[in-house]
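Data block below; observations after.
Values in this document were obtained by computation on a predicted structure and should not be read as measured data.
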Amino acid sequence: MLALLAAHLVLGPITSAQAQSFLGRGAPQALAMPGEEPNGVSPRRADAPKPNPLGPAPQTAGTQTAAPLPQRPLPAIGESLRLSGEESTLQWPVFVTAEQARERLRLRVGYLAAISVVPEASVLTASVNDVVLGRTPINAPGAVRVIEFEIPANVLRPGYNAVAISAVQRHRVDCSMQATYELWTQIDPTWTGLVMPAGVEAVRALRDLPAVTPDARGIVPIRVVLRGKPGFATFEKIISAVQRIALAGRYAHVAVEFGAPHKGPDGLNLVIGAPDELRELSGFDPAQMIGGQALAFLPATAERAATLIVPGSGPAELDAASAVLTATAAHEATGSQQGLRLLALSRGLETKGGETLPLSHFGVQNREFAGRLFRTGFDVSLPADFIPADYAKAALALAGGYAAGLDLGAQVIIDVNGRNVASNALPRSDGDVFRNAVMPLPLSRWRPGRNHVEITALLPSAADRACEDGSAERKRFLFLNDTTLTLPPLARALRLPDLAATTSGGLPYAGAVHRPRLVVPTPDRESMSAAATIAVRMAIAAGRPIEFELGNESALQRRTPTVVVAPARALDPEVLRAVGLDAEQIRKIWEGRATGTSTSGPLAAIPGISIDRLRNDVPPACALPVSASRSAQPGPRRMRGTDPDVETRDLVSSWTTALRTRDSVAYRVSGIVTGIHGAADEAIATATQWMTDQVRDQPVAVSARASMVVGQGVAGRDPDSVLTVFTAPNSAILQAAAICLGTPAVWGQLQGRVAVLDANNGSVTTFTSNQTQILETVPRTFENTRLMLAGWFSTNPNTFVLVLFVAAIILGLSTQAMLRGVGRAGTVPPAADRADRELDR
């Protein structure tokens, strides 16, 4: 009996743990961190989850299969993978080939939910091209739950398709509006994607580049394989070719690496070499290059990722391959109507200003809402040369209504890029239906490129305090998608320094008069990978290739737009000072991390995402190499320039002053005069420093947690003098941080003159510039010039006040001078004067 009891105690937890890994109460094997697995082997993300031994899967979901099937992860998108609040939706434009569209595929979803979400009233819904695949209760408070949905026949179309996951969530115990902020469901990208039969996932033609499988983070890794030792001229052509691959595949997130061919099922190899050097490549026959074919494509196999082959490393061969890729990128996108619309909106609806757009153009749907906190949003893409300032206002004209019985705190709030810009109360106790409730949105809160506008309605009610049954089902808010956004004419000019113009449109590098330069002072493998990744990301933002001239010489030698990518210790201190950074401070905070190395590159292995990272909503691509992620604080240092004799003299002087006779009149008068002089000097120094601070940028103090610093400076009066620097403690962190920075949601946060990235969690801190230059980018017109001047004055209010003050003085002086000679000076006769005096008596 004791033996059976002991066996139960030992084996019971093991069996329970296997069951909980699917139900969401334990840690599934796929989420093990590196080093937790035996022999350090990372789990396979493509393995199908084990069947639930405690009960069948929900009826709305597909049946789990015992045999593992290939999973194609979903691509990266420009927002967080978190479903927040009472109702929320995430959407992905997913490209499938004609062969894949004919198969019966499944959609696999892995998710983690907040413990406050009640399963009985919370539902996760999956759909493809607006066809609902199924629904399942949200029940995963402790670990990731994995579920699959069957995709019916004829739902998928060759080309782009719209995949959507939405959630309706309710709180377990609290019915207040504040409790809705505790509701979230986090999608785990390592367990989410399309499940397809083995062999069907392979891309077999160049036209299907958009179907290349991303890795578990949504990144498309591109491995460049070189046969030989090319020079910088060849590397320039290689970076140009990789940019065209990313544009032809319409990839949102790319990571470039140089090394041996990638053997995983995801990503793409770009192999460059002479035909005789390519004979050793598995599955490639040089005889396939018929008639001087410029580019060969090899489908992915179990041992090799999909591969592009350029037969030759000379400029002519690489130019010919780039021409083929350019022609491929020019092909019009295909797919379902929903997929093509979602693809067009993935970077925001593009607008030039001066127009009124209904929200139906942004993909927003009519909604009736029964909860307490309504949310909807849309993305607007403004020109890269847009000047954000308070010279005008956008206007959002709301259409909808609200029910009777709401509390006095009911209101609609508008956020632009995460900052509250407007609010409007919902005051009527008997409800209302409105058609043109205009809410002004200041243009200073917008930025070049993608802008996210979120509409939130706070809908508290007395029924919430009592948690009355059925109160959650009563409709409280109506939102109509004929709500309109009116954008005024925008000031079009390039404001420098401003990282937003670079990250949104590649300015001033895209389309520069002089060929832009990409400087890599230490061209090792990690630094070159980081430089190529950043160059490709800039090309994706610009929508066209940027033909960089590659070099490793000083970045300050020539007058041409320059990008520098290097560890901080490899940079000239003058380069750091040119972009507003304190070289000495950068050296101190990164001193302990400057020699850190990583035994394997960031793309070598893709571990599962930990529970903590999912709970904290950390971008999947943001993780530093383990050996380089710790920051060392510098120890105390003796102050430079300290002389013992000087210290002694200062000490004696202080004692001598203290022992003076303080009762003497001379001492008191001297003290008063000294105090007056000191106060005057301090006031003058403070005023001078204040005036200097208004026009001069102070060096940025970088936190020791920083993984990468991006700075931009302007040395002259034209775009050719722009310098943008990407730097990190060492080359390993530089490569990992460049991958994190390329995440669409992180890349879009860069603005101002300096941006500091913590690649452990994807957070970005930005610093604006007090000294900006405005350079025209469109033909000069009176209207645009007026808007530019108004925008400049709105961002320099002190100068505007000074100009008004000077104008007032000039007006007063000119008025006095003009009136001095106007009229005649009257004279009173002496007799009349005497008569007046007599009358006064």
Side-chain angles (χ1 to χ4, degrees), residues 48 56-65 69-75 77 79 81 83 86-111 122-138 145-169 185 187-189 191-197 200-201 208 210-211 213-214 218 250 333-346 359-369 376-378 479 481:
Q59 296 180 357
T60 55
T63 305
Q64 302 291 337
T65 59
L69 293 176
Q71 172 187 303
R72 178 186 167 188
L74 300 179
I77 55 177
E79 55 187 312
L81 298 180
L83 298 161
E86 293 175 303
E87 293 184 9
S88 185
T89 301
L90 291 173
Q91 299 183 86
W92 293 261
V94 179
F95 189 97
V96 298
T97 64
E99 180 184 4
Q100 294 167 353
R102 289 192 296 267
E103 296 287 338
R104 294 294 294 272
L105 309 184
R106 298 201 297 271
L107 176 63
R108 177 180 293 168
V109 179
Y111 68 93
S122 304
V123 179
L124 190 75
T125 304
S127 62
V128 173
N129 294 331
D130 294 339
V131 176
V132 175
L133 306 182
R135 297 179 175 86
T136 183
I138 299 176
R145 180 179 176 88
V146 181
I147 195 164
E148 294 182 1
F149 301 90
E150 293 283 352
I151 301 178
N154 301 322
V155 170
L156 288 172
R157 295 286 186 270
Y160 284 95
N161 297 265
V163 175
I165 300 174
S166 60
V168 175
Q169 304 173 113
T185 296
I187 301 299
D188 183 355
W191 286 92
T192 303
L194 296 177
V195 180
M196 54 189 64
V200 177
E201 77 279 7
D208 292 330
T213 302
R250 294 182 173 87
T334 60
S336 67
Q337 180 181 359
Q338 298 86 346
L340 292 175
R341 182 177 66 245
L342 183 58
L343 176 66
L345 295 174
S346 60
L359 295 197
S360 57
H361 290 184
F362 296 89
V364 179
Q365 303 295 324
N366 293 330
R367 286 175 59 185
E368 291 182 286
F369 183 71
T376 190
F378 56 93
F479 184 81
N481 62 2

Looking at [atom1] of [X] and [atom2] of [Y], how far apart are the two atoms once the value is rounded to the nearest 0.5 Å?
X	Y	atom1	atom2	value
Arg108	Asp188	CZ	CG	11.5 Å
Asn161	Arg157	CG	CZ	8.0 Å
Leu107	Glu150	CG	CD	10.5 Å
Thr334	Tyr160	OG1	OH	8.5 Å

Write down the atom of [X], the atom of [Y], and the distance for their closest heavy-atom approach.
X	Y	value
Ala153	Arg104	N-NE, 3.8 Å
Leu342	Pro93	CD2-N, 3.6 Å
Asn129	Gly339	OD1-N, 4.1 Å
Ser336	Ala162	OG-N, 4.3 Å

Checklist entry - So do Phe479 and Thr376 actually touch side chain to side chain, heavy atoms under 4.5 Å? => result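 Contact flag for Thr376/Phe479 side chains = yes.
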Item to check | Side-chain heavy-atom pair Leu124, Leu83 within 4.5 angstrom cut-off | outcome: yes
Next on the checklist: Between Thr97 and Asp208, is there a side-chain donor-acceptor contact under 3.5 Å, judged purely by atom types and distance?
Outcome noted: no
Item to check | Flag for Ser166-Glu87: side-chain donor and acceptor within less than 3.5 Å | outcome: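 Their side chains do not contain a donor-acceptor pair, so the 3.5 Å distance test is not met.
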Next on the checklist: Tell me whether Glu79 at atom CD has more than 12 heavy atoms from other residues, nucleotides or ligands lying less than 6.0 Å away.
Outcome noted: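 Counting other residues, nucleotides and ligands, CD of Glu79 exceeds 12 neighbours.
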[X] side-chain N/O to [Y] backbone N/O, donor-acceptor pair under 3.5 Å:
X	Y	answer
Asn481	Val364	yes
Asp130	Val128	no
Gln100	Val200	yes

Checklist entry - Do Val109 and Phe149 pass the side-chain contact (heavy atoms from CB on, under 4.5 Å) test, and can you show the C-alpha distance, the side-chain angles, and the key distance before you say yes or no? => result CA-CA 8 Å; Val109 179; Phe149 301 90; 4.0 Å; yes
Checklist entry - Hey, what's the ring geometry for Phe378 with Phe362, parallel, tilted or perpendicular (30° and 60° as the breaks)? => result tilted
